[in-house]
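Structure record follows, encoded as structure tokens.
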Amino acid sequence: MSATPGPRLARSLAAPAPGWTSEADAIVVGSGIAGLTAALELRTHVPRVLLVTKGRLLSGSTVWAQGGIAAALDPSDSPEAHLADTLAAGGGLSDPEAVQVLVTEGPQRVRELVARGAVFDKAADGDIALTREGGHRADRIAHAGGDATGAEISRALVAQIEAVRHDPGIEVVENALVLDVLTTLDGSSSRDSAAVSGLAGGSPLASGRACGVTLHVRGAGSRDGVGAVLAPAVVLATGGIGQVFRSSTNPAGATGDGIAAALRAGAVLGDLEFVQFHPTVLWLGSGAKGQLPLISEAVRGEGALLLDVDGHRFMPAVHEMAELAPRDVVAHAIVRQMAATGADNVLLDARHLGREFLRTRFPTINARLLEAGIDWSEEPVPVAPAQHYYSGGVVTDLDGRSSVDGLYAVGEVACTGVHGANRLASNSLLEGIVFASRAARDVAARFDAGELKPGEPAERPGGSALVAAAARSRIQKVTSAGSGVIRSARSLAEVDERLGAVRADAHLAAEVVAEPQAAEWETTNVHHVARALTCAAWLREETRGGHYRTDFPKPDDAWKRRIKVWLDDAGVLTAE
Ligand SMILES: Cc1cc2nc3c(=O)[nH]c(=O)nc-3n(C[C@H](O)[C@H](O)[C@H](O)COP(=O)(O)OP(=O)(O)OC[C@H]3O[C@@H](n4cnc5c(N)ncnc54)[C@H](O)[C@@H]3O)c2cc1C
């Protein structure tokens with residue numbers, strides 16, 4: 001199949017020239033589960049590790065994760081059973097090798113989390129208590145603080161980082177927004193790497209090696225403002241893309257920065273059309289936007305039922321696992337049921353579970369609902385699907401290597417192949433620790449072998465971009481309407497056209513009010529991700545996993561393959 005050329009995008013963000021420069025051996029970008037794990041592992045193996053994060057250390061989606069982390073920890077369960085469930089959720093597009101790694105290394109990584117201080121909820125026999133979530137056919141979800149799993153994992157990992165923060169081997173810089181990945185001229189962005197194998201052609205991919213990052217630091221003395229850090233290994237752990245959509249469960253910082261920066265650096269992206277919309281997000285009225293409260297899948301795992309606004313239970317007729325069917329199945333069924341009843345939401349009925357159980361098993365959700373004036377032991381909860389997780393991202397091999405030498409991606413920013421067309425619940429925290437550990441070990445081994453060497457950053461052709469922050473809500477609205485839960489060639493073409501009309505040269509346009517600063521850089525990233533996502537969704541003429549096309553409502557075996565997207569040296573967005 002030949003490559004499909006799309007719009008032209010700039011190959012860097014518009015920003016002032018770096019006012020300061022420093023060096024490291026490995027840079028980790030992001031302090032969610034993936035970034036913290038990578039930094040902790042690298043610290044003992046590489047002399048100078050720099051961990052940067054755009055807000056505080058305790059940040060990212062990890063802090064918000066409720067339900068838990070999946071791993072075959074019970075003797076009655078097995079990695080093979082976990083593998084089978086993961087492959088089933090992935091709609092035929094998961095990479096079995098990547099899933100094998102996930103499920104076999106997962107239990108050990110969870111035990112290491114315990115050794116690092118994470119306290120999981122215990123069963124009566126003293127072992128880790130395990131529950132079940134949608135798509136899992138065994139109890140294998142470890143949770144903490146009832147429904148505060150991510151907060152507990154973050155707490156434990158951040159405590160470990162704080163304990164070594166003043167060691168000479170690691171430097172932690174908060175309030176540091178990475179703008180772009182620096183690349184050399186000497187290109188070894190390997191066409192033969194797992195990430196790019198099979199590309200038919202049309203991509204020069206002459207991007208060179210990764211050799212550092214540009215970043216904007218707020219309030220760090222001599223390193224205030226835009227600077228550059230040079231390093232032969234850059235590990236992106238920047239999380240998801242929730243802010244590309246109007247409503248999402250992701251925090252405000254989920255602007256797809258790592259995916260956009262990797263794209264601009266010449267890396268190959270994959271599975272971009274597969275966005276997971278969580279079926280049960282608290283519905284707060286049609287005007288609600290930004291981060292919305294999630295009602296965890298574990299609530300359905302404990303027996304809560306989905307009803308339409310007429311009180312009719314609809315999931316048993318849709319799937320044999322009813323409310324516990326894979327997320328895409330539940331989300332699409334809800335959207336169809338909403339259309340059938342003419343309502344903006346459906347209802348999640350947990351009344352029969354009882355006030356005391358709901359309060360102790362789901363303390364966080366209970367509190368959020370009470371804040372919203374809902375007593376869920378007395379009334380069903382209004383819910384609707386919202387963006388939740390990105391299965392796509394920077395294509396990597398099993399060691400987190402992207403197609404650009406020296407550039408790694410771990411956690412939600414990566415496309416390891418584990419999730420395929422749809423993520424199985426609670427597999428993302430696990431993917432974060434498993435692949436961050438592997439990437440850190442790979443960086444360390446290559447560093448020891450002298451394979452990772454410093455390089456000279458080169459200016460990339462293709463110009464720079466800046467989108468005014470004021471354009472963000474329009475981008476979100478347009479993308480949600482046409483590239484959201486339900487898509488068609490027509491809706492996607494309209495999104496493409498309307499995103500193409502957004503000015504991406506705000507820094508050059510005297511009449512546009514925009515400064516190169518955080519809100520603008522993030523909005524430019526949101527724009528770049530929305531364009532790449534829409535391009536992949538337009539190309540995939542079928543329905544599979546998280547990608548639902550009304551004009552192609554069935555899966556088509558001809559599409560049982562990953563769509564890859566990249567920018568060529570002229571900045572043309574290309575997909576095949
Ligand atoms: C409400 C909610 C509930 C969830 N529940 C579960 C669950 O129960 N189980 C499960 O497995 N998964 C769950 N998920 C998904 C899971 O939390 C995420 O996929 C996972 O935490 C991602 O981890 P990460 O380390 O890749 O990224 P994140 O935790 O999102 O961290 C990203 C980090 O990168 C930083 N960053 C981003 N851009 C830049 C930049 N330009 N420069 C510097 N730093 C940057 C951020 O500040 C942040 O520190 C949930 C997600 C949400 C939102």
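Just follow the structure's listing: the first ligand is 1, and inside any ligand the first atom is 1.
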Can you tell me which residue and heavy atom of the protein come closest to [atom], and the distance to 0.1 Å?
atom                    : value
atom 35 (C) of ligand 1 : G30 CA, 3.6 Å
atom 2 (C) of ligand 1  : H388 CE1, 3.5 Å
atom 22 (C) of ligand 1 : E412 OE1, 3.8 Å
atom 10 (C) of ligand 1 : S428 OG, 3.3 Å
atom 6 (C) of ligand 1  : A65 CB, 3.5 Å
atom 27 (O) of ligand 1 : G239 CA, 3.3 Å
atom 42 (N) of ligand 1 : V178 N, 2.9 Å
atom 53 (C) of ligand 1 : T249 O, 3.3 Å

Please classify the [X] to ligand 1 contact at 4.0 Å (heavy-atom distances, strictly less than): side chain, backbone, both or neither.
X    : value
L294 : side chain
D257 : side chain
R423 : side chain

Numbering the atoms of ligand 1 from 1, which are under 4.0 Å from a heavy atom of [X]?
X    : value
Y389 : 19 (O)
N250 : 53 (C)
G60  : 28 (P), 29 (O), 30 (O), 31 (O), 48 (C)
L177 : 41 (N), 42 (N)
V29  : 42 (N), 43 (C), 44 (N)
A176 : 42 (N), 43 (C)
G411 : 26 (O)

Is there side-chain contact between [X] and [Y], with at least one heavy-atom pair below 4.5 Å?
X    : Y    : answer
E522 : L177 : yes
R401 : T396 : no
S483 : V275 : no

When you compare ligand 1 with [X], is there at least one nitrogen or oxygen pair between them that comes in under 3.5 angstrom?
X    : value
S59  : yes
K54  : yes
L429 : yes
E133 : no
I33  : yes

Between D147 and T364 (side chain of the first, backbone of the second, donor and acceptor by atom type, cut-off under 3.5 Å), is there such a pair?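 The answer is yes, because a donor-acceptor pair under 3.5 Å joins these two groups.
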Does Q276 use its side chain to pair, donor to acceptor, with the backbone of S391 at less than 3.5 Å?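 Not a single qualifying donor-acceptor pair exists.
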(request) Hey, could you give me the CG/CZ distance between L40 and R43, rounded to the nearest 0.5 Å? (result)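 Taking CG in L40 and CZ in R43, the distance rounds to 7.5 Å.
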Does ligand 1 have an atom under 4.0 Å from some heavy atom of A237?
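Contact check A237 vs ligand 1: positive.
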(message) Just to check, does G432 reach to within less than 4.0 Å of ligand 1 when the distance is taken from its heavy atoms?
(response)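 The answer is no: ligand 1 sits nowhere under 4.0 Å from a heavy atom of G432.
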- Message: Heavy atom to atom 20 (C) of ligand 1, shortest distance: which of N427, T62, N525, T149 holds it?
- Response: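 Shortest heavy-atom distance from atom 20 (C) of ligand 1: T62.
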